[in-house]
Amino acid sequence: MLLSIDRCKNIPLIRQVYNEISGKILDGSLPAGEKLPSSRELAKAIHVSRNVVLEAYDLLMVEGFVFSKKGSVTYVAEGAFLKREYWEQPVSSPIHSVHKKEMIHFRSGIPDLRHFPRKIWARLSQAVWTEISDHTLGYGSPEGAEELRRELVSYLLKTRGVKCSKEQIVITSGATQALTIVGRMLLREDDPVVLEDPITDDIQQIFKNAGGNLYPVSVDEEGLDTSLLPENVIPAFTFVTPSHQFPLGGTLSIQRRIELLQFARKTNSYVVEDDYDSEFRYDGPPLSTLQRLDPHRVIYIGSFSKILSPALRIGYIILPSNLVEKCRSVKWFSDLHTPAPEQLVLARFLAAGHMDRYVSKMKKVYRQRRDLIINKLKEAFPADIQISGHSTGLHFIADFPFATFSENDLLQMEEDGVKLYSVEQHAITRGIHKGKLVIGYGHLNNEEIQQGIRCLKNAIDRLM
Ligand SMILES: Cc1ncc(COP(=O)(O)O)c(C=O)c1O
């Protein structure tokens, strides 16, 4: 039996012998019933000690690749052959495909990670890891680190007027997990969920997976159109992004907020407020929350993905008191708790005032980018473009009333070096937002913005 063993490789010899033999069994070159050489023979042939071969055979035996008969003779077992095309075929992934390197991607909701406060974060991380107790390195509680929840209470009161106690907060792995938890907490099979249309595909999917039956309600420049709330549906909850509707970017007016809360009271249901990117409001301080108007009915979800970095995976839910225990339980059975050390770093970041300084610095950066990109768009398409949803967040809408962007058109635009999503791609009811493109700009610098708009101009001219 020919085995290629390489002593220079950083792989233990036992593992190399095992890999070689199991590979030959899997690909059929060692068929079932074939007798393997004795450990002594093989060791001699490949110049390794006999113990190496014995241990590799042992591993093969434990995993069922081989069996031994009459004491010492080793044979290849039945059923360990795997047709080559199966084990070489990659599982097709639903994750977004990697786009070409040079492409300018106007992707929404990505902050400028080049500005991430690495030095401060590294210093705080070092302090946390030096001082963290042995107890905190063990399993924690599902609601998350008390230090972070305490800091959040004062941060959210100061910046958003949220009134809550630390006992009402559960730290989650981003807003995505918070939404999943809400779905699991409140939905049974076929329960109605009223939600904004358009909205991200992920959010639609999360509620559907939890058994929800979606009742889309149209959105305009003021957010959810509350005059269209269903008359005869009693939802488990209504989902909204009131500070900066995703994707259209509108802000829910106070009149509509009140109508929405009245609907929730009438139907005795909850409102889920997703406040994913509202810190960056360019014409003044962030707006107050819906939660503030009715803390007993509104479940508030926040995230640090857009303020700091999506990789942190830290978000939170603020719950009416009667839902806290249920939420703790769902979180526990989902992943026990969000990693504690990163929560403690974030708590210190908030406590030392770094967040306030960072948000105020990044607001200036993003405002300048937003203004640049809007100017460039207006220069490129002087007569016919309408901009909306740009007061807050990291994206806005460019409406080309004369155009319709099909999926194919958007793919063709990639040939011109620019990647975008249309509002239609996020719509449940199709055909209403045909000429609207979502322009995400948080992660693009001035040069990239200018290049992106040049490419977009070429692409649209070509399509028209
Ligand atoms: C509207 C909305 N909510 C929630 C999220 C999820 O954010 P997170 O990274 O905190 O899971 C996103 C992500 O882009 C989003 O667009």
Side-chain angles (χ1 to χ4, degrees), residues 95-96 105-113 116 144 148 152 156 169-184 193-210 214 216-217 219 223-224 237-252 271-281 286-287 289-291 298-318 331 334-335 338-339 342-343 346 355 366 389 392-397 420-423 425-428 438-443:
I95 308 289
H96 321 286
H105 191 171
F106 286 108
R107 189 172 166 190
S108 60
I110 306 289
D112 192 337
L113 302 169
F116 184 83
L148 177 57
L152 273 176
L156 291 170
I169 301 180
V170 172
I171 306 294
T172 58
S173 300
T176 303
Q177 191 190 40
L179 293 165
T180 309
I181 290 176
V182 165
R184 287 218 201 121
V193 172
V194 172
L195 83 173
E196 296 168 338
D197 179 15
I199 192 65
T200 75
D201 200 42
D202 282 2
I203 290 174
Q204 298 171 40
Q205 217 48 55
I206 287 171
F207 296 149
K208 274 194 215 159
N209 289 348
L214 306 188
V217 172
V219 167
L224 184 87
F237 57 85
T238 300
F239 172 85
V240 278
T241 49
S243 302
H244 189 225
Q245 202 279 328
F246 188 90
L248 288 179
T251 298
L252 201 64
V271 174
V272 176
E273 173 175 23
D274 178 1
D275 209 12
Y276 65 104
D277 80 346
S278 53
E279 280 77 6
F280 300 119
R281 181 161 177 268
L287 300 172
T289 60
L290 198 56
Q291 188 269 0
V298 177
I299 299 169
Y300 177 89
I301 291 176
S303 166
F304 289 95
S305 290
K306 319 293 169 189
I307 325 180
L308 282 169
S309 150
L312 291 176
R313 306 309 308 138
I314 301 185
Y316 51 93
I317 318 183
I318 301 177
K331 169 71 180 166
S334 162
D335 64 350
T338 296
E342 215 69 284
Q343 292 185 53
L346 179 56
M355 186 67 91
Y366 294 139
T392 307
L394 304 177
H395 77 271
F396 61 82
I397 298 301
L420 300 109
Y421 292 102
S422 68
V423 173
Q425 286 173 304
H426 298 293
I428 303 172
V438 184
I439 311 280
Y441 56 89
H443 58 302

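Atoms within each ligand, like the ligands themselves, are counted from 1 in listed order. Since we're looking at a predicted model, the values are computed, not measured.
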Requested in this report: Test Ile171 against Leu152 for side chain to side chain contact (heavy atoms under 4.5 Å, CB included), laying out the working first.
Outcome: CA-CA 10 Å; Ile171 306 294; Leu152 273 176; 3.7 Å; yes

Requested in this report: Anything under 30° is parallel, anything over 60° is perpendicular, the rest tilted; go ahead and classify His105 against His443.
Outcome: perpendicular

Requested in this report: Answer yes if the ring centres of His244 and Phe280 are under 6.0 angstrom apart, and no otherwise.
Outcome: no

Run through all N or O atoms in ligand 1 and write down each protein N or O closer than 3.5 Å, as a pair with its distance.
unit_1   : atom_1 : unit_2 : atom_2 : d
ligand 1 : 3 (N)  : Asp274 : OD2    : 2.5
ligand 1 : 9 (O)  : Ser305 : OG     : 2.6
ligand 1 : 9 (O)  : Arg313 : NH1    : 2.9
ligand 1 : 10 (O) : Ala175 : N      : 2.7
ligand 1 : 10 (O) : Ser303 : OG     : 2.6
ligand 1 : 10 (O) : Ser305 : OG     : 3.1
ligand 1 : 11 (O) : Ala175 : N      : 3.2
ligand 1 : 11 (O) : Thr176 : N      : 2.9
ligand 1 : 11 (O) : Thr176 : OG1    : 2.6
ligand 1 : 11 (O) : Arg313 : NH2    : 2.8
ligand 1 : 14 (O) : Lys306 : NZ     : 2.7

Query raised in the report: What's the spacing between Ser278 OG and Lys306 NZ if we round to 0.5 Å?
Result: 12.0 Å

**Report entry** Test item: side-chain donor near acceptor, Gln291 and Asp275, under 3.5 Å
**Finding:** no

Query - Name of the residue among Tyr421, Phe246, Tyr366 meeting ring pair (Phe, Tyr, Trp, His ring centres under 6.0 Å) with His395 - result: Phe246

